Every structure is written in structure tokens, then in C-alpha cells.
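Atoms within a ligand are numbered from 1 in the order they appear, just like the ligands themselves. Note that this is a predicted model, so its numbers are computed, not measured. Positions are given from 1 along the sequence.
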Amino acid sequence: MATDTFFGPDFEALESTDPEIASVILAELERQRSGLQLIASENFTSPAVLATLGSTMSNKYAEGYPSKRYYGGCAEVDKAEVIGIERAKALFGADHANLQPHSGASANLAAYGAFVMPGDTVMAMSLAHGGHLTHGSKVNFSGKWFTIVPYGVRADTERIDYDEVRAIALEHRPKMIICGATAYPRLIDFAAFRAIADEVGAILMVDAAHFIGLVAGKAIPSPVPYADVVTFTTHKVLRGPRGGMILCKAEHAAAIDKAVFPMMQGGPLMHAVAGKAVALKEAATPAYQHYAQQVIINAQALTAGLIDEGMRAVSGGTDTHLALIDLQPIGVTGADAEVRCDAARITLNKNAIPYDPQPPSIGSGIRVGTPATTTQGMTEPDMKEVAGFISRAVRDADGSAAASIAAEVGDLVRKYPAYPRG
Ligand SMILES: *Cc1c(COP(=O)(O)O)cnc(C)c1O
């Protein structure tokens, strides 16, 4: 089997121990390299972060926090976590940072644990309008354990209606209000949410999983000055290792730390914590700020291209890294579009649009995002080309065009290698 030097000598050890899994890893690398990665929540993390994830930091038990551990031998992992915490506080201007959540969902679980009790009322964006499973879905802990009061977007503007949010909050007096979403292309008015939370005496939690990288790159306004607590993932636009993180005001620091450990988690994944520190260093550079701005420029160019191809952008466009595209004008469902794009080596996901007439398993739309293609170095003219590929692929009902679109996709991505071959 061909060794990919991208992984360095350690990959040879894997190839000899477990060629089956080694070949799956190589095939996945090839899939990521040879297609268009347009999933809005994905990115290509750096070789430096990958090296950290593959390190022996994974071996270390470190329950607790730096200099307050339940295990010996934590001097080195303590250094990594302290460096990461200091970088997070500096980058985001936060009082306190916790780098231990295993994922975005775990960070959210901890935030609930810190501020609310089962049965309490929590207000959050409905999943059907772009919210996340952890914002009150019936199949998630949030919907099972809490009384969820949802808000959505207006049917006409497809944007959050802050007067409606305020009215719902005044009626239900939630103990916590959550804003942030997985499929909302517009900026969120954090000052408006803060004012509403203050009026009803609620904790304001901002789930910044999708857009925190744009905040880190100073391309959009930060929720940190407004929120009691900000939770997020580290692997989306932020481009770090798969994982979660929490920022909060000093007065909530002890409650958040206790909620992450020991309430919700055991030992932290120290290789991931160290990887988060590396990603935070990368995100503090001018190059990353330029990247964050280009992510938005590319998302707007891609959206404009798809509109030119006869599709409709929910809310008319995007202010962020993602767009929600309504395919009803061209008579294609989200589910069909996802499968057809996949056949043409374009990876994206079907998505419900607000007030969707289709069930969620089908959906009337697709969600596209530009974090990964922008990491590769693509710019506006490439986005125009990508819009053309998507347009041809989603209309390719019999699959007859898939091979030729895939070949053109291959030509484009070869110009911008995600992980150069060694
Ligand atoms: C991605 C996401 C999460 C969950 O992150 P996981 O790491 O998949 O658990 C939570 N909230 C929002 C808004 C997200 O977009």
C-alpha cells in the first residue's frame, strides 16, 4: 500500500498493524482532496493541529483543571491547557475559558447544567427554523428534560423578529435564553437578545458553534460582551480539532467549570485540548483574519451564483459563511439534490427551510458553506464556477452528467490541494 508522507513515519506503523483501517483513512483523505467540500460545519484543520491530535497527549488522564488534578504527572498537560485558556481569553476578550468540552453538544449540556434544572423553562430557536438539536429537540436531552419555548423566523423576511422574541420571553419568563443556530445565514443581534434577557431576568447563552471562527477572525461582531455564556465547537470555521469550548463572565466561571467536570464529563481529551490551543494561536494571526473575511466574501459570491442559476437564497442572501438555498423554484428536493451532488463529488447537505412544506427527511433546500474551500485558497471566480457545478448536478435527475461534472470538480480542486501530497 502506498504510504502517504503527509502523515509522516507514524502512518507506516498503522499500515503494518492495521492495513484495513489504514486504507480507509487514505481513502477518506482522497475523498476530501478530490471533491468539493461545501458542508458549512466542516473545514480542513492544519497539519499542526493534526500532529497534536495524533500525539501521546492522548495517553494522559487529567481529571480536574490545571494544578487541581485528580492524577499525578499532569505538569506537561497543565502547561498546554493553561496556554490554551490564556489564548482563548485574549483572542475573544473573555473573562474565563473552559477548553474541556468534548464537543459542541457537550459544551451545551454543561451550560444547561450550570444554569438550569430539569423542568425549567428555556427559550431557543426552533430546529425547523435553523436551531440545533440541543436547543430543545424532543429526541435530545434538552427537549426531554426542559420546558422549551421556541422562537423562529418571520415568514416574510425569514429573519429573527426581535419583537416576537421579546413577546414570547415576556409571556413565558424563561430562565435561560439561547441564540445561535446551525442554519441561519444572517447576523444575530446580540444586544437585542441581551436587553430581552435582562428584561425577564434570564441567563443569555449564545451557541456560537457555527460562526465563532468569523468572530475570532474579526469578520463579524462578537457575542462575548453580551452573553453570560458562549458555547461553541472548535472544528467549524475556527478550523481546530473536533471539540467544544465555553467562554463566560467571571461570575459564572466556577459554575461552568463544575458543570463540565465533574457534572457532565470525566477526563478531558488532552490531545484535543492541546489541539485547541494550537488552533487558537493560528486564529490570532492576520492570515486567519484575512481567511475569515474571505469565507464571507466567498459565501456571498456562491450565493449570488446560485441565485443566477435560478435558485432562491433564504432571507435573500448571507452575512456569514453559509447559505440556505431553496430549490423549490427549480423543482428539486433537498434530498435529491444531496444525492445528485454526491455523485458529482460535491459534498453538501439537504436542509429544511423555514416553513418547509416537505418533511425534514426530504427538505426543500440545501445548505452550503465556504469554510473548507476558502482554506484551500479559492476565491470569488471559483465560487462562480462552483455555483455552475451545483446547478448542473442538482438538475441531473438521470445521473448522465455526474461523471463529467465530477471531472471538472477534480480539475478545480487540483488547483487548490487541501493537503498537498508528500
Ligand atoms: C455543530 C453545532 C453544535 C454541536 O456540535 P457537535 O460537536 O456536533 O456536538 C451545537 N450547536 C450548534 C449551533 C451547532 O451548529
Side-chain angles (χ1 to χ4, degrees), residues 37-43 45 49 53 98-114 122-137 139-143 146 148 150-153 160 176-188 190 193 204-216 220 222-223 227 229-247 259-260 264-265 268-269 271-273 275-276 279 295 299 318-324 348-352 354 360 367-372:
Q37 308 305 330
L38 297 175
I39 301 218
S41 49
E42 292 182 357
N43 210 332
T45 199
V49 170
L53 287 176
N98 187 309
L99 272 59
Q100 293 192 6
H102 300 329
S103 66
S106 298
N108 287 352
L109 178 62
Y112 278 86
V122 174
M123 191 170 151
M125 193 170 202
S126 87
L127 187 61
H129 287 198
H132 187 257
L133 279 169
T134 54
H135 299 182
S137 160
V139 296
N140 182 261
F141 79 86
S142 52
F146 300 93
I148 300 290
Y151 61 88
V153 297
I160 296 169
M176 184 161 82
I177 297 175
I178 304 176
C179 63
T182 62
Y184 186 66
R186 296 302 182 172
L187 297 180
I188 294 169
F190 304 120
F193 269 104
L204 179 61
M205 167 179 161
V206 177
D207 180 347
H210 256 273
F211 57 81
I212 195 70
L214 301 176
V215 174
I220 64 169
S222 173
V229 60
V230 179
T231 61
F232 54 92
T233 54
T234 48
H235 50 272
K236 298 181 183 174
V237 187
L238 189 58
R239 210 161 63 184
R242 186 157 295 277
M245 207 183 292
I246 303 179
L247 307 173
V260 174
M264 301 302 179
Q265 292 188 174
L269 314 176
H271 58 309
V273 169
K276 289 169 198 176
V295 165
T318 180
D319 306 320
T320 64
H321 61 295
L322 70 84
L324 200 51
L348 46 71
N349 60 282
K350 66 173 180 279
N351 215 103
R367 189 185 64 162
V368 290
T370 51

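Judged by distance alone, with hydrogens and angles left aside, the side-chain atoms of T318 form a donor-acceptor pair with the main-chain N or O of P185 at under 3.5 Å. Between the side chain of T233 and the backbone N or O of G104 there is no donor-acceptor pair closer than 3.5 Å. Of the possible donor and acceptor atoms, none in the side chain of T182 sits under 3.5 Å from a partner among the backbone N and O of H132.
Ligand 1 lies nowhere less than 4.0 angstrom from a heavy atom belonging to G180. For K236, the closest heavy-atom approach to ligand 1 falls below 4.0 Å.
If you look at S106 next to ligand 1, there are no close heavy atoms at all, none under 4.0 Å. The proximity of N108 to ligand 1, defined as any non-hydrogen pair under 4.0 Å, is limited to the side chain.
Under a 4.0 Å criterion applied to the non-hydrogen atoms of A181, ligand 1 contributes the atoms 13 (C). Near S103, meaning under 4.0 Å from one of its heavy atoms, ligand 1 places the atoms 7 (O), 9 (O). The H235 neighbourhood of ligand 1 comprises atoms 7 (O), with distances under 4.0 Å to a heavy atom of that residue. Remark: ligand 1 atoms within the under-4.0 Å shell around heavy atoms of A105 are 4 (C), 5 (O), 6 (P), 9 (O). Remark: ligand 1 atoms within the under-4.0 Å shell around heavy atoms of T182 are 12 (C), 13 (C), 14 (C), 15 (O). The contact set between ligand 1 and A209, taken as ligand atoms under 4.0 Å from a residue heavy atom, comprises 2 (C), 11 (N), 12 (C), 13 (C), 14 (C), 15 (O).
Here the shortest heavy-atom pairing between S106 and Q265 reads CB-OE1, 3.4 Å. The nearest pair of heavy atoms linking G130 to A181 is O-CB, 3.0 Å. Of all non-hydrogen atoms in Y112 and S142, the two that sit nearest each other are OH-CB, 3.4 Å.
Ring pair F193/Y151 is tilted by interplanar angle, where 30° to 60° counts as tilted.
Distance from atom 3 (C) of ligand 1 to its nearest protein heavy atom, with residue and atom name: H132 NE2, 3.2 Å. For atom 13 (C) of ligand 1, the nearest non-hydrogen atom of the protein is D207 OD2, 3.3 Å. Nearest protein heavy-atom neighbour of atom 6 (P) of ligand 1: G104 N, 3.5 Å.
Between the CD1 atom in I177 and the CG atom in L204 there is a gap of 7.0 Å [rounded to 0.5 Å].
Within the 4.0 Å cut-off (strictly below), no protein heavy atom is located near atom 8 (O) of ligand 1.
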Test log, rule side-chain contact (heavy atoms from CB on, under 4.5 Å), inputs I246 and Q100: CA-CA 8 Å; I246 303 179; Q100 293 192 6; over 6 Å; no
Step-by-step side-chain contact (heavy atoms from CB on, under 4.5 Å) determination, C179 to M125: CA-CA 7 Å; C179 63; M125 193 170 202; over 6 Å; no
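Of the polar atoms of G243, none of the N or O atoms is found under 3.5 Å from an N or O of ligand 1, judged by distance alone. Looking at T233 next to ligand 1, no N or O pair under 3.5 Å apart turns up.
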